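Values in this document were obtained by computation on a predicted structure and should not be read as measured data.
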Amino acid sequence: MSSTVARFDRGHTDDLMTFLAASPSPYHAVANAAERLEKAGFRQVAETDAWDGTAGGRYVLRGGAIVAWYVPEGAEPHTPFRIVGAHTDSPNLRVKPLPDSGAHGWRQVAVEIYGGPLLNSWLDRDLGLAGRLSLRDGSTRLVNIDRPLLRVPQLAIHLDRSVSSEGLKLDKQRHLQPIWGLGNDVRDGDLISFLERESGLAAGDVTGWDLMTHSVEAPAYLGRDKELVAGPRMDNLLSVHAATAALVAIATAEAAGDVTLPCIPVLAAFDHEENGSQSDTGADGPLLGSVLERSVFARGGAYEDRARAFAGSVCLSSDTGHAVHPNYAERHDPTHHPRAGGGPILKVNVNNRYATDGAGRAVFAAACDRAGVPFQSFVSNNSMPCGTTIGPITAARHGIKTVDIGVAILSMHSARELCAADDPYLLANSLAAFLEG
């Protein structure tokens, strides 16, 4: 049986590339997701305001995180939730509190390593600068210098012959500081003054910042038949984009009377997954639980309704996973080789690095069957450590059944990652079928 929701196709992948290019930071990603939700009739609600329980779509923005939900007509206080969880942050180089530095006639920007990036992928690459500026009046302003501004130059092989025999060795403090100009007169405030001018702000307006580098090379189709996509931040904006599209499709279909939803579909896109999720905008914070509880209470519910709603809820934790690498196949489990283009992967780890169990597998299998989407299974090689996601955190913190899934990619945590061009819309179709209930 196929889903009644309109199916996504290659046009979804085209739109993903637009979304990636327009979202160089978590703050831009949630702003772009919110814009798409607004066009579908969702409205933003402030956490400091009283909420009503009427039908319709709503969303909350907090920093680099967004939680959006759609209340169908006739929803009871104990109506369960169907949640797609993802994260908005990606490993990169982030600007330090005292950013202006330099030596030997070069002007540089002091950066700190965020998350676990493949450091070599940031070398000799044209970088822009983006993020959030906090202003003296208490407001914030997004900034995006999306042109070649910074570069981390690699040492010439003539000065390090050992690279060929011993491999590249990078010191995170000494070797990753990008250059952005010439001069010996490094002055405190140069970078922020430049950003103020670029943003049309007065001198001294900016009193705080959350800034990060990004590759300015645009996402692109790759290969003879353009069956691959190369681009930045697929981990994990690919899932944020798919979940946003799926929620919009479900809400639009319900409003048009094309579907009757037995649940409340939810998008939860968190920040700070790459460094442990422990923040007020991370999956290990209170944001999701607070939003779900307030939704229950706004519809006249009490604690008993909240408990019933949570007990009947399911979350898909959607994050990218590892496609089998043709040059390193021995690093993968010998009987589990997820292929690019084979549909989303179901992630399993018996030590709860992923939250999937047999009952969760059945939920995802049913959604894929309804959507007509193939799926694959992923487990790590027993001899190698297994990564983790927001899945186990969500399950443990909220007591909600959670299933870990995603799209199989190569070059995870590189400044530029790679996936099959069809997999993003296959994921979106499976998410829409799941949210439909």
> Looking only at the side chains, is there a donor atom on one of His214 and Ser25 sitting less than 3.5 Å from an acceptor on the other?
no
> Do Arg43 and Asp52 meet the salt-bridge criterion of a basic N to acidic O distance under 4.0 Å?
yes
> Parallel, tilted or perpendicular, judged at 30° and 60°: which one describes the rings of His398 and Phe310?
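It falls in the perpendicular class, over 60°.
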> Fit a plane to each ring of Phe19 and His241, take the angle between them on a 0 to 90° scale, and name the class: parallel (under 30°), tilted (30 to 60°) or perpendicular (over 60°).
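The arrangement is tilted - the two ring planes meet at 30° to 60°.
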> Salt bridge between Arg107 and Asp190, side-chain N to carboxylate O under 4.0 Å?
yes
> Please work out whether the ring planes of His322 and Phe378 are parallel, tilted or perpendicular, with thresholds of 30° and 60°.
tilted
> Restricting to pairs with a member in residues 33-42, which pass side-chain hydrogen bond (donor to acceptor under 3.5 Å, both in side chains), not counting sequence neighbours?
Asp15-Arg36, Glu38-Tyr59
> Using distance alone, with no hydrogens and no angle criterion, decide if Ser295 and Arg299 have a side-chain donor and acceptor under 3.5 Å apart.
yes
> Using a strict 4.0 Å threshold on nitrogen-to-oxygen distance, state whether Asp126 and Arg147 make a salt bridge.
no
> Can you tell me if Asp124 uses its side chain to pair, donor with acceptor, with the backbone of Gln154 under 3.5 Å?
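Confirmed, Asp124 side chain pairs with Gln154 backbone.
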> Nearest 0.5 angstrom please: Asn236 CG to Asp319 CG, how far?
4.0 Å
> Determine whether the side chains of Thr213 and Asn92 contain a donor N or O and an acceptor N or O closer than 3.5 Å.
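Note: Thr213 and Asn92 side chains miss the donor-acceptor criterion.
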> Checking Thr356 side chain against Val348 main chain: does a donor-acceptor pair fall under 3.5 Å?
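Not at all, since once roles are kept as given, no pair shorter than 3.5 Å links the two residues.
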